[in-house]
Amino acid sequence: MTVRTTSAGTERAAALPDGTLRRDLLTWYDRERRPLPWRERPSAYGIWVSEIMLQQTTVATVMTRWRAFVDRFPDPAALAAAPLEDVLAAWSGLGYYRRARALHEAARQVMAAGGELPRDVAGWRALPGVGPYTAGAVASMACGRRAAAVDTNVARVLRRLHCRDAEADRGLTAAALARLADRLVDPDRPGDWNQALMDLGAAVCTPAAPSCDACPLAGGCQARRGGDPAAVAGRRAGPGSTAVALSFLVIRCGRDLVAAPPGSEPGVRCPGLGAPVRDGFAGLYAGLWGLPSTAWYPAGGDVPRAAFAAAWGAALGEGAETPQHRGTVRHAITRYRLRVEVFATAVRPGWRPPAPWVRCGPARLPQLPWSSLARKALGRAGAANEI
DNA sequence: GAATCGTGGGT
DNA sequence: TACCCAAGATT
């Protein structure tokens, strides 16, 4: 790091005075800021919802879902009053469903405490689903508090600003980064400052190929001075993924479909496929409805359609037609790569599904919180138009 | 501190 | 195809 002497004569580690940094970045932000729906007529509630949705989810995805959610649940009172299943249905497809459960619970806590949203970092941080980043983001953007909000974008920008190479980057602890972020927050425009850092990280100071020529802070950037800015705060090697094979069965019963309620585990066992990698969806999709499914088996070699078909035949018992293979769906869930063999069958009208599966009529089907995976499978089975 | 939890898009 | 990545929180 460079050490520079300020007009006050004190030494500190920064390539540019804080005031210059703030001015340059906020000027850039005023010109380049993205038009996002939750930035129009901002409300604390709307910003809160957007920040929960944006956790590990792209802006492009949230753009397509935020409006419908806040129209459906316009304020904390409406959200708290809604059944959890309705909230999950509105969240369906966004992933990380724990967030929806936490958001719903937080709204109930807010209403139980009088209905006023928090106005400072500590108040936000106390709500479920609100961690250090989100508390700082909402407190600064919605409440005007001078709080930092360090997400992956901000961390990358600040690390590159202050670290010349990967070795210096390793020496910058998370605590030191937090102190730096706290110090830099613009006292007059804290929310804009945080969003400016995030926009810069998203659009200019990108992980693999930063556009330093377009960066308003390039003149004070240590990583650029080092010659290889992408090497600082670079990609993090994650754990590998596991390939698995499983099967869904779409059961038609007249106009009804058979669905698997939340927590209906484990999946149907398939003798001959060896030991399952995982019992099924236990621990995933908490609170969402799914389709009758098998356990998960190691993927590789031949596609075990015959074993799946046999397992389904045994699970159904009398009164069902032989399950027919309808296709294959590929999907990824966190560390698993799924290859889902989709089967379909029809049963006579009086047939009752074995527990825990249940029949659902056409009036209810569209309202169930299905996962994206279940929707894909229903599409493959030709039943997508029913949900 | 590491593992876990979804999904869609980019390379 | 296979990996990386995205406005993280929780355990």
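As a basis for the values below, the full set of heavy atoms in this structure was taken, side chains included, without hydrogen atoms, waters or symmetry mates.
- You'll find that the side chain of A:Ala332 is closest to B:dT7, out of B:dC5, C:dA7, B:dT7.
- Across B:dG6, B:dG8, B:dC5, the shortest atom-to-atom separation from the side chain of A:Arg98 is found for B:dC5.
- Both A:Thr58 and A:Pro132 sit near DNA chain C, but only A:Thr58 has its closest nucleotide nearer the 5' end.
- Straight-line distance from the CD1 atom of A:Ile52 to the C1' atom of C:dT10: 13 Å, rounded to whole Å.
- Between the A:Trp193 side chain and the A:Asp188 main chain, no donor and acceptor come within less than 3.5 Å of each other.
- Distance noted for atom P between B:dA2 and C:dA7: 22 Å (whole Å).
- Dashed line: the shortest gap from a side-chain N or O of A:Arg278 to OP1 or OP2 of B:dC5 is under 4.0 Å.
- At whole-Å resolution of the value, OH in A:Tyr96 and C1' in C:dC5 are 11 Å apart.
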task: Output, in order, the C-alpha distance, side-chain angles, deciding distance and verdict of side chain to side chain donor-acceptor pair (under 3.5 Å) for A:Trp312 and A:Ser247.
output: CA-CA 9 Å; A:Trp312 286 127; A:Ser247 176; 2.8 Å; yes
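- With distances taken from any side-chain atom of A:Asn153 to the nucleotides C:dT1, C:dA9, C:dA7, the minimum falls on C:dA7.
- In this model, the phosphate group of C:dA6 is approached by a side-chain N or O of A:Arg156 to a distance below 4.0 Å at OP1 or OP2.
- Remark: P of C:dC5 and CG of A:Asp151 are 15 Å apart, rounded to the nearest angstrom.
- Distance A:Leu197 CG to C:dA6 C1': 17 Å, rounded to the nearest Å.
- A:Trp38 comes within 4.0 angstrom of a base, heavy atoms only.
- Taking only side-chain atoms of A:His331, from C-beta outward, the nucleotide of C:dT10, B:dG8, C:dA7 with the closest atom is B:dG8.
- When distances are taken from the side chain of A:Arg330 to each of C:dT1, C:dA6, B:dC5, the shortest belongs to C:dT1.
- In the set C:dT1, C:dA7, C:dT10, C:dA7 carries the atom at the smallest distance from any side-chain atom of A:Val59.
- Checked against B:dT4, B:dC5, C:dA6, the side chain of A:Arg335 finds its nearest nucleotide in B:dT4.
- Here the side chains of A:Trp296 and A:Thr242 are not in contact, with every heavy-atom distance at 4.5 Å or above.
- Residue A:Ser50 is out of contact with every strand shown, counting any heavy-atom pair closer than 4.0 Å.
- Judged by distance alone with a 3.5 Å cut-off, a donor-acceptor contact links the side chain of A:Thr57 to the base of B:dG6.
- Between the P atom of C:dA9 and the CD atom of A:Gln56 lies a distance of 9 Å, rounded to the nearest Å.
- Listed nucleotides C:dA7, B:dT7, C:dC5 differ in distance to A:Ser372; the shortest reach to its side chain belongs to B:dT7.
- Between B:dT7 and A:Tyr97, a contact under 4.0 Å exists linking OP1 or OP2 to a side-chain N or O.
- For the residue pair A:Trp38 / A:Glu51, no side-chain donor-acceptor distance below 3.5 Å is found, with atom types taken as modelled.
- Within 4.0 Å of A:Arg339, counting heavy atoms only, lies no atom of the nucleic acid at all.
- The CG atom of A:Leu338 sits 12 Å away from the P atom of B:dG6 (whole-angstrom rounding).
- Grouping the Ile, Leu, Val, Met, Phe, Trp and Tyr side chains by contacts below 4.5 angstrom, directly or via other members, places A:Tyr285 apart from A:Tyr96.
- Nucleic acid contact for A:Gly93: sugar-phosphate only, since backbone atoms but no base atoms lie under 4.0 Å from a heavy atom of the residue.
- When the P atom of C:dA7 is taken as reference, atom CG of A:Leu200 falls 12 Å away, rounded to whole Å.
- Using a 4.0 Å heavy-atom cutoff across all strands shown, A:Arg65 reaches no nucleic acid atom at all.
- With respect to the salt-bridge test (charged N to carboxylate O, under 4.0 angstrom), the residues A:Asp279 and A:Arg269 qualify.
- Taking atom C1' on both B:dG6 and C:dC4, the two are 16 Å apart, rounded to the nearest angstrom.
- Look at A:Thr61 and you won't find any side-chain N or O under 4.0 angstrom from OP1 or OP2 of B:dG9.
- Under the 4.0 Å criterion applied to side-chain N and carboxylate O atoms, A:Asp199 and A:Arg33 are not assigned as salt-bridge partners.
- Using a 4.0 Å heavy-atom cutoff across all strands shown, A:Gly201 reaches no nucleic acid atom at all.
- Atoms CG (A:Leu54) and P (C:dC5) sit 19 Å apart, rounded to a whole Å.
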